[in-house]
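Below: one structure, written as structure tokens.
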Amino acid sequence: MLDSKLLRTDVETTAQKLATRGFTLDVDALNALEEKRKSLQIRTQELQNDRNVRAKSIGKAKASGQDIEPLLAEVAQLKEDLANAEHELKELLAEINSIAQTVPNIPHESVPVGKDENENVEISRWGEPKEFDFDVKDHVDVASALGNGLDFETATKLTGSRFIVMNGAIARLHRAIAQLMLDLHTQEHGYQECYVPLLVNHDSLLGTGQLPKFGEDLFHTKPATEEGQGLALIPTAEVPLTNIARDEIFNESQLPIKMTAHTPCFRSEAGSYGRDTRGLIRQHQFDKVELVQLVEPSKSFDALEELTGHAEKVLQLLNLPYRKMLLCTGDMGFGSCKTYDLEVWLPAQNTYREISSCSNMLDFQARRMQARYRAAGAKKPELLHTLNGSGLAIGRTLVAILENYQQADGSVEVPEVLRQYMNGLEIIRP
RNA sequence: GGAGAGAUGGCCGAGAGGCUGAAGGCGCUCCCCUGCUAAGGGAGUAUAGGGUUUGUAGCCCUAUCGAGGGUUCGAAUCCCUCUCUCUCCGCCA
């Protein structure tokens, strides 16, 4: 959520910036609501004050034994007016809030203006795509040449499309990848390992910005009722990890807080029916090691570089060629003000595919969550800044390894850094 | 799942329709006293929103005692719903 002061006092500039990411802010409607809010709030508060003053005088009159009947008569109309005003104000605030909740973050000035992924800017490349002197197979064929390590048919029987059953060495490789990442981030990069719920409530989803706008991307397990909140499976560990800070006030000395978790992620993939239907690239359930940082506002852009570097390190250790993309305004996620995507080389597709997305959300999520910190010596707590990134998506890393490490005889070499997690196994053979 | 108890400021803990934004204690901050790692005295110490204003100063107002609704001129206090915590029983990985 944006600072309401921006929407109140500087709507024009805000609207212009938002337009670069393809979002149209209805300035006139917002201004009109704001006008109304102001006068209504003033009136409501005056009436409340009036009520308080009169109630007190009635109390005093009663205590001193006076007749209060005339005083009560005076108050009757006030009571009704106040109830009306309060009701009206409440509705209006709800309306303004529901609009504010759907406004995306403002892109940082360093973000290139563009309408879609074609206008993202390549920042750097690492590694050389390997030359193969045989016909490269994609990961599905690599796996099936090895046995039934990736069993799509059984997963379809058990659940449906876009799920996977993994077996044997492939399943173990999948686990090894997660182990490597967690060990790297906790031992070398200073993240605290966390185990978190995979089901989260409505407030958490509002906090990180999945709701109210993107509910159709989620798997809901329990409908929200009049009173109780619904629960949904997490689409990313960003949701539980970041919401740890919801309604908290940290001391400056506690920052930065760096957390990592390995979790499954669940996405309904609504609206992507025809895309990446083959293989592991786009699944309803996939594992990911997530990185989250909570930092002081002045340090969030440095932290973004650092966090992205942590994700890159995984690719470097695995010796997987990748490129780093700076997303343009039109391709960024809802809450982000600046995002780097890491794209790994997939020889079978002869292209780079997204394997990590690292974003600085600024205070956008923190404001929704009321996640704050108190600077040393400062009286008032301030919103902190939140960042998150994949470090990395495990399923896609598995894909990249199977494809980049395949050999002419159909076997797959185990990347050296993973062998310690594979009981020393060097080659996966049929 | 059954029965009961509870939710108050950074923490502990009073309060049981009006004078309570909230006693008291602890903690913390500042000042004073004290020549020694102790003790004592004083002051301050929630958050959000609005108005006024050149002002992130001051002043004024409003809201907030788990959340939401209700009763009342007036609710931390009474009623209803929900959420969470604790105790006992049952069940269970």
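In the text below, chain A, chain B and the rest are named by the order of the sequence lines, each starting its count at 1.
- Nucleotides B:rG10 and B:rA46, compared at atom C1', are 9 Å apart to the nearest Å.
- No hydrogens or angles considered: nothing links the side chains of A:Lys324 and A:Thr308 as a donor-acceptor pair under 3.5 Å.
- Checking A:Tyr405 against A:Asn319 by side-chain atom types alone, no donor-acceptor pair falls below 3.5 Å.
- In this structure, the CG atom of A:Leu82 is 15 Å from the C1' atom of B:rG70, given to the nearest Å.
- Taking the side chain of A:Lys79 as heavy atoms from C-beta on, and the options B:rG69, B:rC73, B:rG49, the nearest nucleotide is B:rC73.
- Minimum atom distance to the side chain of A:Lys90 is reached by B:rG68, of the listed B:rG51, B:rC73, B:rG68.
- Among pairs with a residue in residues 153-163 of chain A, those fulfilling side-chain hydrogen bond (donor to acceptor under 3.5 Å, both in side chains) read A:Asp151-A:Thr154, at least two apart in sequence or across chains.
- With C1' as the reference atom, B:rA7 and B:rC65 are 10 Å apart, rounded to whole Å.
- Rounded to whole Å, the distance from CE on A:Met369 to C1' on B:rA48 is 18 Å.
- Side-chain N/O atoms of A:Tyr191 and A:His310 include a donor and acceptor closer than 3.5 Å.
- With respect to A:Glu306 and A:Lys258, a salt bridge is recorded, a charged nitrogen being found less than 4.0 Å from a carboxylate O.
- Within the 4.5 Å cutoff, the side chain of A:Leu418 has heavy atoms near those of the A:Ile177 side chain.
- Heavy-atom distances to RNA chain B give each of A:Arg37 and A:Ile249 a nearest nucleotide, and the one nearer the 5′ end belongs to A:Ile249.
- Within residues 43-50 of chain A, the residues that have a heavy atom under 4.0 Å from RNA chain B are, in order of number, A:Gln45, A:Gln48, A:Asn49.
- Residue-environment remark: CZ (A:Arg275) stays at or below the threshold of 12 foreign heavy atoms within 6.0 Å.
- For the C1' atoms, the distance linking B:rU77 with B:rA22 amounts to 12 Å, nearest Å.
- Atom name P, nucleotides B:rC89 and B:rG15: the rounded distance is 31 Å, in whole Å.
- Neither side chain, A:Ser268 nor A:Asp217, offers a donor N or O lying under 3.5 Å from an acceptor on the other.
- Here the separation of B:rC12 from B:rG27, taken at their P atoms, is 15 Å to the nearest Å.
- Judged purely by distance below 3.5 Å, without hydrogens or angles, the side chains of A:Glu35 and A:Asn31 never pair a donor atom with an acceptor atom.
- Checking A:Tyr340 against A:Glu305 by side-chain atom types alone, a donor-acceptor pair falls below 3.5 Å.
- Here, B:rA75 and B:rA16 have their C1' atoms 11 Å apart, quoted to the whole Å.
- Within residues 51-62 of chain A, the residues having any heavy atom under 4.0 Å from RNA chain B are, by residue number, A:Arg51, A:Asn52, A:Ala55, A:Ile58, A:Gly59, A:Lys62.
- For the atom pair CG of A:Leu18 and CG of A:Leu2, the computed distance is 6.0 Å after rounding to the nearest 0.5 Å.
- Between A:Asn97 atom CG and B:rG49 atom P there is a gap of 13 Å when expressed in whole angstrom units.
- B:rU20 sits 44 Å from B:rG90 when the C1' atoms are compared, rounded to a whole Å.
- The existence of a salt bridge linking A:Glu34 and A:Lys38 is excluded, since no basic side-chain nitrogen approaches an acidic carboxylate oxygen closer than 4.0 Å.
- Checked by atom type, the side-chain pair A:His174/A:Asp287 shows no donor-acceptor distance below 3.5 Å.
- Rounded to whole angstrom, the span from the NE2 atom of A:His87 across to the C1' atom of B:rG70 amounts to 15 Å.
- Comparing A:Glu86 and A:Leu72 by the nucleotide of RNA chain B whose heavy atom lies nearest to each, the residue mapping closer to the 5' end is A:Glu86.
- Helical stems of RNA chain B (runs of at least 3 Watson-Crick or G-U pairs, donor-acceptor distances under 3.5 Å) are listed by first residue: B:1-7 with B:83-89, B:10-12 with B:24-26, B:27-32 with B:40-45, B:46-52 with B:58-64, B:66-70 with B:78-82.
- When all heavy atoms of A:Met332 and A:Thr339 are compared, the pair lying nearest together is SD-N, 3.9 Å.
- For residues 100-109 of chain A, the side-chain hydrogen bond (donor to acceptor under 3.5 Å, both in side chains) pairs, not counting sequence neighbours, are A:Gln101-A:Arg368, A:His108-A:Ser110.
- Across the P atoms, B:rA23 and B:rA14 are found 14 Å apart, a figure rounded to whole Å.
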Tabulated below should be each protein N or O lying under 3.5 Å from an N or O of nucleotides 54-58 of chain B; please produce it.
none

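- We find that CG of A:Leu78 is positioned 12 Å from C1' of B:rG74, with the value rounded to whole Å.
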